[in-house]
**Student:** 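Please find one structure pasted underneath; my questions will follow.
Numbering of residues begins at 1 and proceeds along the displayed sequence. These numbers were taken from a predicted model, which means no experiment stands behind them.
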Amino acid sequence: MVLTLLICVIVTALIFEYINGFHDSANAIATVVSTKVLTARAAVIYAGVLNAIGAFLGTHVATTIGKGIVATESVTQGVILCALLSAIIWNLITWYYGIPSSSSHALIGGLMGATISKAGYHVIHFDGVTKKVLLPMVTSPLIGFAIGFTCMVVILWVCARANPNVVNKYFKKLQLLSSGVMALSHGSNDAQKTMGIITLALVSYHALPTFEVPYWVILGCAVTMGLGTMAGGWRIIRTMGSKMIKLKPVHGFAAETSAAAVILTATHFGIPVSTTHIISTAIMGVGSSKGAHALKWGIVGNIVMAWILTIPVCMVIAALLYRILPV
């Protein structure tokens, strides 16, 4: 029975990773598709491959998810299963409505909610949650916005006297590079969250003596996320690529470069940031360089509301699932 539950957890985790891939594919390709630098089909394949490669860039974020959020000894297979199911439910809801929410925060909220339902609030590492989740949740989007805005202003200043057609031609080529780096950074941070959950399940089952991510887990998450990205979450891609602001290649380059820099820095320090939040606010920052009127604030408001609700809603869903399911 316990082994069967472990298998269910691993399968569910990989399903979450696949959904994470197509839910968050917009993070890597929305701008490059909307600016018509790549066709949609070419973009998802390009991003999928680089997402998979990015998953091999380390396990610092996986360790934070597995050890830094809740007390490991309080986590059971049932807790992990309910956390995953809550994150999947929230991802599907936000995908259906085309809202770019955070898969990372959905998973973290689910893990916290299910663990609290089982063992109470005292098992939460509040210091780790504050430093590695809540503070980055607020600061990383602001940093993404600021860097996106600054990057765009610098580009406009440097290219002020250049022929717009020539600038557009060069930035179409540069955007191929920036979208690739963005896809790589997305894989480096997001794939590790599922790695951490699967490794946590293996530790809970006593299949591993210590928390150390096995190579087969890295490989499985990398391939699954890559395949999910190739499926493409078109509803969210349309929201990020054209509904917030009308993008040109220069805007796409600035947004992707800014977001990738923030995400790769967070990955290096083991911080599980929301790649969705960062690329979204980088796009907002780039757009605001044209003036506040350039942004469609109704769409922006819906996105921000989803960000605020993700963790508490997923906590409630996971807690209810833990009470309802026979785990």
**Student:** Can you tell me how far CG of Leu6 sits from OG1 of Thr76, rounded to the nearest 0.5 angstrom?
**Tutor:** 12.0 Å
**Student:** What distance do Phe145 atom CZ and Ser288 atom OG have between them, rounded to the nearest 0.5 Å?
**Tutor:** 3.5 Å
**Student:** Of the non-hydrogen atoms in Thr199 and Glu212, which two are nearest, and what is the gap between them?
**Tutor:** CG2-O, 3.8 Å
**Student:** Would you confirm whether Thr59, through its side chain, and Ala62, through its main-chain N or O, come within 3.5 Å as a donor-acceptor pair?
**Tutor:** no
**Student:** If the test is side-chain contact (heavy atoms from CB on, under 4.5 Å), which one of Ile108, Val129, Thr139 qualifies with Leu134?
**Tutor:** Val129
**Student:** Starting from the C-alpha separation in whole Å, work towards a yes-or-no answer on side-chain contact (heavy atoms from CB on, under 4.5 Å) for Ser104 and Asp190.
**Tutor:** CA-CA 7 Å; Ser104 311; Asp190 268 34; 3.5 Å; yes
**Student:** Hey, any chance Met225 and Ile197 share a hydrophobic cluster, counting ILVMFWY side chains that come within less than 4.5 Å of each other, even indirectly?
**Tutor:** no
**Student:** Do Thr194 and Glu17 pass the side chain to side chain donor-acceptor pair (under 3.5 Å) test, and can you show the C-alpha distance, the side-chain angles, and the key distance before you say yes or no?
**Tutor:** CA-CA 6 Å; Thr194 308; Glu17 188 77 315; 2.7 Å; yes
**Student:** To the nearest 0.5 Å, tell me how far His277 NE2 sits from Leu142 CG.
**Tutor:** 11.5 Å
**Student:** If you compare all heavy atoms of Asn51 against all heavy atoms of Gly187, which two are closest, and at what distance to 0.1 Å?
**Tutor:** OD1-N, 3.1 Å
**Student:** Tell me whether Gln77 contacts the main-chain N or O of Val9 through its side chain, where contact means a donor paired with an acceptor under 3.5 Å.
**Tutor:** no
**Student:** Taking the side chain from Thr265 and the backbone from Ala261, do they hold a donor-acceptor pair closer than 3.5 Å?
**Tutor:** yes
**Student:** Strictly distance-based, threshold 3.5 Å: is any side-chain N or O of Thr94 a donor or acceptor partner for the main-chain N or O of Asn91?
**Tutor:** yes
**Student:** Indicate yes or no for a side-chain donor-acceptor contact from Ser117 to the backbone of Gly113 under 3.5 Å, with no hydrogens or angles considered.
**Tutor:** no
**Student:** Do Leu57 and Leu184 make a side-chain contact, defined as non-hydrogen atoms from C-beta onward lying under 4.5 Å apart?
**Tutor:** yes
**Student:** Fit a plane to each ring of Tyr215 and Phe56, take the angle between them on a 0 to 90° scale, and name the class: parallel (under 30°), tilted (30 to 60°) or perpendicular (over 60°).
**Tutor:** tilted
**Student:** How many angstroms lie between NE2 in His186 and OG in Ser179, if you round to the nearest 0.5 Å?
**Tutor:** 14.0 Å
**Student:** Between Ile283 and Ile263, is there a shared hydrophobic cluster once you connect ILVMFWY residues whose side-chain heavy atoms come closer than 4.5 Å?
**Tutor:** yes
**Student:** Looking at Ala260 and Val181, what are the two nearest heavy atoms and their distance?
**Tutor:** CB-CG1, 3.7 Å
**Student:** Just wondering, are more than 12 heavy atoms of other shown residues or ligands nearer than 6.0 Å to CZ in Phe126?
**Tutor:** yes
**Student:** Could you tell me whether the side chain of Val49 reaches within less than 4.5 Å of the side chain of Met230, counting heavy atoms only?
**Tutor:** yes
**Student:** Yes or no on side-chain contact (heavy atoms from CB on, under 4.5 Å) for Ile311 and Met137, after CA distance, side-chain angles and deciding distance?
**Tutor:** CA-CA 11 Å; Ile311 289 180; Met137 183 174 73; 3.9 Å; yes
**Student:** What is the minimum heavy-atom distance between Val203 and Phe211, and which atoms define it?
**Tutor:** CG2-CA, 4.0 Å
**Student:** Using only atom types and a distance under 3.5 Å, with no angle test, would you say the side chain of Ser178 pairs donor to acceptor with the backbone of Gln175?
**Tutor:** yes
**Student:** Grouping I, L, V, M, F, W and Y whenever their side-chain heavy atoms are under 4.5 Å apart, do Leu320 and Leu84 come out in a common cluster?
**Tutor:** no
**Student:** Treating Gln192 as the side-chain partner and His60 as the backbone partner, does any N or O pair qualify as donor plus acceptor under 3.5 Å?
**Tutor:** yes
**Student:** Let me check something: do Val250 and Val158 share a hydrophobic cluster, defined by ILVMFWY side-chain heavy atoms less than 4.5 Å apart, either directly or through other members?
**Tutor:** no
**Student:** Kindly give the heavy-atom pair with the smallest separation between Ser74 and Val123, and that separation in Å.
**Tutor:** OG-CG1, 3.1 Å
**Student:** Taking the side chain as every heavy atom from C-beta outward, state whether Leu107 and Leu111 have any atom pair closer than 4.5 Å.
**Tutor:** no
**Student:** Tell me if a side-chain donor or acceptor on Thr281 pairs with a main-chain N or O of Met284 at a distance below 3.5 Å.
**Tutor:** no
**Student:** Less than 4.5 Å apart, any side-chain heavy atom of Val262 and any of Val273?
**Tutor:** no
**Student:** For Tyr18 versus Thr224, what's the shortest heavy-atom pair and its separation?
**Tutor:** N-CG2, 3.6 Å
**Student:** Taking it one step at a time, do Leu200 and Thr72 satisfy side-chain contact (heavy atoms from CB on, under 4.5 Å)?
**Tutor:** CA-CA 7 Å; Leu200 187 59; Thr72 306; 3.6 Å; yes
**Student:** Kindly compute the distance separating CH2 (Trp90) from NE2 (His105), expressed to the nearest 0.5 Å.
**Tutor:** 13.0 Å
**Student:** Answer yes or no: is there a donor N or O on one side and an acceptor on the other, between the side chain of Thr229 and the main chain of Ala47, under 3.5 Å?
**Tutor:** no
**Student:** Taking the side chain as every heavy atom from C-beta outward, state whether Thr12 and Ile80 have any atom pair closer than 4.5 Å.
**Tutor:** no
**Student:** Can you tell me how far CE of Met182 sits from CZ of Phe253, rounded to the nearest 0.5 angstrom?
**Tutor:** 14.0 Å
**Student:** Is the closest side-chain heavy-atom distance between His125 and Lys132 below 4.5 Å?
**Tutor:** no
**Student:** Show your reasoning for whether side-chain contact (heavy atoms from CB on, under 4.5 Å) applies to Trp307 and Ser274.
**Tutor:** CA-CA 10 Å; Trp307 295 354; Ser274 168; 5.8 Å; no
**Student:** Would Leu174 end up clustered with Val166 when hydrophobic side chains under 4.5 Å apart are linked, directly or stepwise?
**Tutor:** no
**Student:** Under the side chain to side chain donor-acceptor pair (under 3.5 Å) rule, what do Ser188 and Thr267 come out as? Steps first, then yes or no, please.
**Tutor:** CA-CA 7 Å; Ser188 74; Thr267 299; 3.2 Å; yes
**Student:** Donor-acceptor check, side chain of Asn189 to backbone of Gly54, threshold 3.5 angstrom: yes or no?
**Tutor:** no
**Student:** So, do Tyr205 and Leu3 sit near enough that their side-chain heavy atoms are less than 4.5 Å apart?
**Tutor:** yes
**Student:** Taking side chain as C-beta onward, heavy atoms only, is Val217 less than 4.5 Å from Leu202?
**Tutor:** yes
